[in-house]
There are 2 protein chains.
Amino acid sequence: MCSMVRRPPGIELALLGFLLQGPQHGYQLHQIISDLSGLGLIWRLKQSQLYALLNKLETDGFVISTIKNQDPHPPRRIFELTESGRRIFFAWLADPVTAPRLVRQDFFAKLYFAARENKDTARRLIELQRIVCQSWIDRFNEKLAVSEQASYSWTMYQYRLGQVKALQSWLDAYEKTLST
Amino acid sequence: MCSMVRRPPGIELALLGFLLQGPQHGYQLHQIISDLSGLGLIWRLKQSQLYALLNKLETDGFVISTIKNQDPHPPRRIFELTESGRRIFFAWLADPVTAPRLVRQDFFAKLYFAARENKDTARRLIELQRIVCQSWIDRFNEKLAVSEQASYSWTMYQYRLGQVKALQSWLDAYEKTLST
DNA sequence: CTTGTATACTCATTAATTGAATATGGAGAA
DNA sequence: TTCTCCATATTCAATTAATGAGTATACAAG
């Protein structure tokens with residue numbers, strides 16, 4: 001029974017993010033999060049999955065739902081962000097991701113919401129992520145230094161170093177577009 | 001009951017790969033696959049998970065297990081590759097991965113076994129992956145061409161393009177080390 | 001008048017993951 | 001010696017997650 005505080009995965013935080021605009025029902029949220037010009041590029045989830053996530057968020061107290069009858073239309077379950085949900089969302093938004101493999105989905109989800117907030121929020125996120133990115137570069141360089149040249153791990157770290165360097169370039173380029 | 005043929009995930013194929021060397025028991029396989037200078041850099045799995053995977057592989061007929069008593073030591077369950085298992089492994093090994101997100105784990109697992117086979121196998125894999133990688137670059141360029149500049153999807157594709165280009169550079173560099 | 005699609009959510013089943021349980025031998029410390 | 005800790009080797013029950021189908025209505029198009 002050691003429940004502690006669950007750290008919801010990025011996709012749940014994204015759900016919270018969409019509820020900032022105001023209460024929504026599940027079906028609506030599913031459409032929004034599946035939008036192929038937005039987070040649909042990052043995650044795809046089935047309806048039943050989405051409702052499961054919303055249930056968890058409600059158990060954690062990050063959202064509350066109320067049934068709203070729309071007779072004769074099917075009744076809607078409206079989800080609303082709680083104060084606790086708002087807090088955890090902004091905490092998540094302010095933090096860079098801690099591993100390169102989280103960039104593709106989690107970082108870009110954060111960026112999505114940061115950019116929709118305002119340029120400063122986006123800039124702050126990029127700044128922090130740049131620092132973390134630099135630490136990855138340093139770490140991989142250290143790993144390379146202690147790996148036998150052309151060994152499997154050396155080869156692998158060469159690749160990973162290349163990936164994080166490409167990320168760094170991208171962060172630089174993106175930051176420039178924000179300064180205008 | 002539409003079972004069809006299950007396409008096992010990369011980690012199961014890796015298990016088959018380790019059985020090429022000869023029959024092994026689960027505990028041994030767990031140690032081998034967890035080796036931090038090998039596939040342990042890519043995947044980490046718990047013992048109980050490993051046995052679950054082996055059970056699936058046996059159901060599919062890719063391995064067969066026999067119990068071997070080692071009294072008074074705990075009995076071992078020895079796993080052996082079947083002909084069908086060997087076939088599916090080499091088919092997997094010969095194919096490049098079909099999506100950028102599969103490079104980090106699946107492609108590098110393939111490379112691990114390809115390189116341990118011989119240089120030609122590795123070279124063939126790299127060659128094929130280069131072709132696929134080029135197609136990713138083309139695709140992202142097309143996406144960029146039809147995306148509104150500085151839109152979210154444009155931004156995202158810029159990033160993805162950078163990543164696959166870095167992969168391409170790495171493939172080039174790695175291929176050169178093979179030619180010596 | 002019929003077919004198809006959009007709305008809106010639930011549920012039972014299957015699949016995957018987890019941590020713990022089991023049971024023994026051997027190494028090293030006290 | 002005796003105690004403790006770690007390595008060996010696998011299984012299992014229990015929790016969690018994922019999937020597809022089911023339900024039921026409205027509305028538009030053909």
Side-chain angles (χ1 to χ4, degrees), chain A residues 1-15 18-19 22-36 40 43-60 63-80 105, chain B residues 1-15 18-19 22-36 40 43-60 63-80 105:
Chain A
M1 267 264 41
C2 151
S3 99
M4 302 299 291
V5 268
R6 192 174 70 94
R7 172 171 293 285
I11 196 163
E12 291 181 35
L13 275 301
L15 253 15
F18 285 121
L19 288 176
Q24 315 262 348
H25 58 271
Y27 189 87
Q28 227 168 350
L29 280 170
H30 184 253
Q31 292 187 134
I32 294 173
I33 209 173
S34 301
D35 173 16
L36 283 179
W43 285 303
R44 62 195 52 238
L45 81 173
K46 320 210 158 168
Q47 285 190 330
S48 48
Q49 238 172 319
L50 175 118
Y51 285 104
L53 300 182
L54 287 169
N55 285 335
K56 282 192 238 173
L57 287 171
E58 185 161 33
T59 320
D60 291 342
V63 303
I64 41 167
S65 73
T66 50
I67 305 291
K68 191 172 175 187
N69 271 32
Q70 297 277 114
D71 246 20
H73 299 267
R76 291 174 169 174
R77 194 169 150 211
I78 308 283
F79 295 88
E80 197 180 343
Q105 297 188 302
Chain B
M1 265 260 47
C2 150
S3 101
M4 301 300 291
V5 267
R6 192 174 70 93
R7 172 172 293 286
I11 196 163
E12 290 182 34
L13 274 303
L15 252 16
F18 284 121
L19 287 176
Q24 315 261 347
H25 58 272
Y27 189 85
Q28 227 168 349
L29 280 169
H30 184 254
Q31 291 187 134
I32 294 173
I33 209 172
S34 301
D35 174 16
L36 282 179
W43 285 304
R44 63 195 50 238
L45 80 173
K46 321 211 158 165
Q47 285 189 331
S48 46
Q49 239 172 318
L50 175 118
Y51 285 104
L53 300 183
L54 287 169
N55 284 335
K56 282 192 239 171
L57 287 171
E58 186 161 31
T59 320
D60 292 342
V63 303
I64 40 167
S65 73
T66 50
I67 305 292
K68 191 172 174 188
N69 271 33
Q70 296 278 115
D71 247 19
H73 297 267
R76 291 173 170 174
R77 193 170 151 209
I78 307 284
F79 294 88
E80 199 179 341
Q105 297 189 303

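Each chain gets a letter, A, B and so on, in the order its sequence line appears, and its residues count up from 1. All figures in this text were calculated on a predicted structure; none of them were measured in a lab.
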TODO: Identify whether any heavy atom of B/Q47 sits under 4.0 Å from a base atom; if not, whether one sits that close to sugar-phosphate; answer base, sugar-phosphate or nothing.
DONE: base

Task: Spacing between A/L54 atom CG and C/dC9 atom P, to the nearest angstrom - done: 9 Å

TODO: Counting heavy atoms from C-beta on, name the nucleotide in C/dC9, D/dT11, D/dG20 closest to the side chain of A/S48.
DONE: D/dG20

Task: Flag side-chain contact, heavy atom, 4.5 Å: A/L36 against A/R44 - done: yes

Open item on the list: Measure CG/A/L53 against P/C/dC9 and give the value in whole Å, please.
Closed with: 15 Å

Task: Residue whose closest nucleotide on DNA chain C lies nearer the 5' end, B/A52 versus A/Q31 - done: A/Q31

Open item on the list: Taking the minimum atom-to-atom distance to the side chain of A/Y27, which one of C/dC11, D/dA18, C/dA8 wins?
Closed with: C/dA8

TODO: Specify the separation, in whole Å, of atom NE2 of B/H30 and atom C1' of C/dT18.
DONE: 13 Å

TODO: Look at all strands and tell whether A/K56 reaches a base, only sugar-phosphate, or nothing, counting heavy atoms closer than 4.0 Å.
DONE: sugar-phosphate

Open item on the list: Are A/R77 and A/P75 packed together at the side-chain level, in the sense that at least one heavy-atom pair is separated by less than 4.5 angstrom?
Closed with: no

Task: Any side-chain heavy-atom pair of A/R76 and A/Q28 under 4.5 Å - done: no

TODO: Rounded off to whole Å, could you give me the CG-to-P distance for the A/L50 and D/dG20 pair?
DONE: 16 Å

Open item on the list: Under a 3.5 Å distance rule, please check whether A/H30 uses its side chain to pair with a backbone N or O of A/Y51 as donor and acceptor.
Closed with: no

Open item on the list: Is the phosphate of C/dA8 approached by A/R76 (side-chain N or O, under 4.0 Å from OP1 or OP2)?
Closed with: yes

Task: Below 4.0 Å: OP1/OP2 of C/dT18 and any side-chain N or O of B/Q49 - done: yes

Open item on the list: Expressed as a whole number of angstroms, how long is the span from A/K68:NZ to C/dT7:C1'?
Closed with: 15 Å

Open item on the list: Distance check needed: C/dT7 P versus A/L29 CG, whole Å only.
Closed with: 14 Å

- [ ] Let me know, please, whether A/K46 or B/R77 comes out on the 5' side of the other along DNA chain D by nearest nucleotide.
- [x] B/R77

TODO: Nearest whole angstrom, please: distance from the C1' of C/dA15 to the CG of B/N55.
DONE: 14 Å

TODO: State whether A/Y51 places a side-chain N or O below 4.0 Å from either non-bridging phosphate oxygen (OP1 or OP2) of C/dC9.
DONE: yes

- [ ] Would you check if B/V63 and B/L15 make a side-chain contact, meaning some heavy-atom pair closer than 4.5 Å?
- [x] no

- [ ] For A/H25, report the nucleic acid contact type (base, sugar-phosphate, nothing); a contact means any heavy atom under 4.0 Å.
- [x] sugar-phosphate

TODO: Round to a whole Å and report the spacing from CZ of B/R6 to P of C/dT14.
DONE: 17 Å

